[in-house]
Amino acid sequence: MNPIKIIYSCRYFDLKKQGKEFTARKSGTLIVSLLLFLLALSAFLLMILYYPNFETTITEFANKTFGERTGKGISKLVLVLFFGIIFYAIKYTVGNQNSYNKTIEEFSLFTEYEQKKIKKIGNIYFLIPIIIFITTMALLMLKTTN
């Protein structure tokens, strides 16, 4: 199973115990989208950190596109649009009903021990993008304080 399927399986595993397995697909799609968004944002921030011209290039592009008012509002709009693109891409590819059903069917074939093992691996896959994002933010803060 790939990491995305494992995260969907983990959501199903957790929510099935609570009798909410019908919301697992939506929850899994949201979590996968958020984790991919954090990874993409981390990559963007690392580009700013390690390629000095990247920040000026992005700033110049934003000024040409949106004018001199490239503040918080436009940044939020761009981030929301970017997250929306990721969410709908996941929703209509790996998160569609057929793909989700195949993932859960594959997960259901495992023994309970294997399912618990996949759950542990899923927790690791969940934490890795968060740790990468936090580390990237810490590096960015360290760079700006120097």
Side-chain angles (χ1 to χ4, degrees), residues 1-16 18 20-108 110 114-146:
M1 293 183 100
N2 67 38
I4 293 174
K5 287 183 175 185
I6 288 175
I7 290 173
Y8 273 109
S9 299
C10 287
R11 290 308 304 151
Y12 178 79
F13 183 81
D14 288 339
L15 293 174
K16 185 177 179 184
Q18 302 170 9
K20 299 178 182 179
E21 64 267 14
F22 299 108
T23 62
R25 182 173 142 242
K26 183 188 283 185
S27 175
T29 301
L30 190 60
I31 288 173
V32 168
S33 301
L34 178 65
L35 295 177
L36 290 176
F37 177 74
L38 287 177
L39 286 174
L41 191 57
S42 296
F44 180 77
L45 293 174
L46 285 171
M47 294 287 284
I48 289 173
L49 268 172
Y50 293 108
Y51 295 105
N53 294 334
F54 184 74
E55 184 177 7
T56 56
T57 305
I58 293 297
T59 304
E60 288 173 4
F61 173 75
N63 286 341
K64 288 178 186 175
T65 306
F66 300 110
E68 294 295 323
R69 301 178 350 185
T70 56
K72 291 180 183 178
I74 292 173
S75 300
K76 288 178 184 176
L77 175 68
V78 169
L79 289 175
V80 167
L81 285 173
F82 185 60
F83 179 76
I85 289 168
I86 291 173
F87 177 78
Y88 284 105
I90 294 297
K91 182 177 179 178
Y92 292 112
T93 55
V94 294
N96 68 32
Q97 192 66 46
N98 286 339
S99 179
Y100 177 75
N101 288 342
K102 288 177 186 176
T103 299
I104 298 308
E105 186 178 308
E106 181 181 349
F107 180 71
S108 298
F110 291 116
E114 291 171 324
Q115 287 179 356
K116 288 180 182 179
K117 189 175 178 182
I118 289 172
K119 169 74 170 113
K120 288 179 184 178
I121 294 170
N123 289 337
I124 293 169
Y125 285 149
F126 178 77
L127 289 175
I128 288 173
I130 294 170
I131 291 169
I132 290 171
F133 182 73
I134 290 170
T135 305
T136 303
M137 292 301 294
L139 288 172
L140 192 61
M141 288 188 325
L142 287 173
K143 182 187 178 196
T144 56
T145 57
N146 290 335

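Partners of Leu30 according to the side chain to side chain contact (heavy atoms under 4.5 Å, CB included) rule, which considers only residues two or more places apart in sequence or in another chain, are Phe83, Phe87. For Phe82, the ring-ring contact (aromatic ring centres under 6.0 Å, His included) partners at least two apart in sequence or on another chain are Phe37. Looking at residues two or more places apart in sequence or on another chain, you find no ring-ring contact (aromatic ring centres under 6.0 Å, His included) involving Tyr12. Annotation: side chain to side chain donor-acceptor pair (under 3.5 Å) contacts of Ser33 (sequence neighbours excluded): none. Partners of Asn96 under the side chain to side chain donor-acceptor pair (under 3.5 Å) rule, at least two apart in sequence or in another chain, do not exist in this structure. By the side chain to side chain donor-acceptor pair (under 3.5 Å) test, Glu106 pairs with no residue at all, sequence neighbours left out. Applying the ring-ring contact (aromatic ring centres under 6.0 Å, His included) rule to Phe54 yields the partners Phe44; only residues at least two apart in sequence or on another chain are considered. Under the side chain to side chain donor-acceptor pair (under 3.5 Å) criterion, Gln97 pairs with Arg25, Asn101, sequence neighbours left out. Listed by chain and residue number, Glu112 satisfy the salt bridge (Lys or Arg N to Asp or Glu O under 4.0 Å) test with Lys116 (two or more places apart in sequence, or in another chain).
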- Task: Could you please spell out the steps behind the side-chain contact (heavy atoms from CB on, under 4.5 Å) verdict for Leu79 and Leu41?
- Result: CA-CA 9 Å; Leu79 289 175; Leu41 191 57; 4.0 Å; yes
- When you look at Leu34 and Ile86, which way does the side-chain contact (heavy atoms from CB on, under 4.5 Å) test go after all the steps? CA-CA 8 Å; Leu34 178 65; Ile86 291 173; over 6 Å; no
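Distance check, rounded to the nearest 0.5 Å: CG of Leu36 to CD1 of Ile85 gives 13.5 Å. If you take NZ on Lys26 and CZ on Arg11, they are separated by 13.0 Å, rounding to the nearest 0.5 Å. Atom CG of Leu35 is separated from atom CG of Leu127 by 9.0 Å, given to the nearest 0.5 angstrom. Once rounded to the nearest 0.5 Å, the distance linking OG1 of Thr23 with CG of Leu15 reads 4.5 Å.
Among all heavy-atom pairs drawn from Cys10 and Gly122, the shortest one is SG-CA, 3.5 Å. Shown here for Met1 and Ile118, the closest heavy-atom pair between the two residues is SD-CD1, 4.0 Å. The minimum heavy-atom distance between Ser9 and Thr103, with the atom names listed, is OG-CG2, 3.6 Å.
Counting heavy atoms from C-beta outward, Leu38 and Ile132 have side chains that stay 4.5 Å or more apart. Annotation: side chain of Val94 is not in contact with side chain of Lys5 (no heavy-atom distance under 4.5 Å). Put simply, the side chain of Tyr8 reaches to within 4.5 Å of the side chain of Thr29, judged on heavy atoms. Leu77 places a side-chain heavy atom less than 4.5 Å from the side chain of Leu81.
Under a 3.5 Å cut-off, the side chain of Thr93 and the backbone N or O of Ala89 do form a donor-acceptor pair.
Counting only residues at least two apart or on different chains, no side chain to side chain donor-acceptor pair (under 3.5 Å) pair has a member in residues 126-140. Sorted by first and then second residue, the salt bridge (Lys or Arg N to Asp or Glu O under 4.0 Å) pairs involving residues 87-105 (not counting sequence neighbours) form an empty list. Listed by first then second residue, pairs satisfying side chain to side chain donor-acceptor pair (under 3.5 Å) with a partner in residues 123-132 read Lys119-Asn123, not counting sequence neighbours.
The environment of CZ in Phe110 is crowded: more than 12 heavy-atom neighbours from other residues, nucleotides or ligands sit within 6.0 Å.
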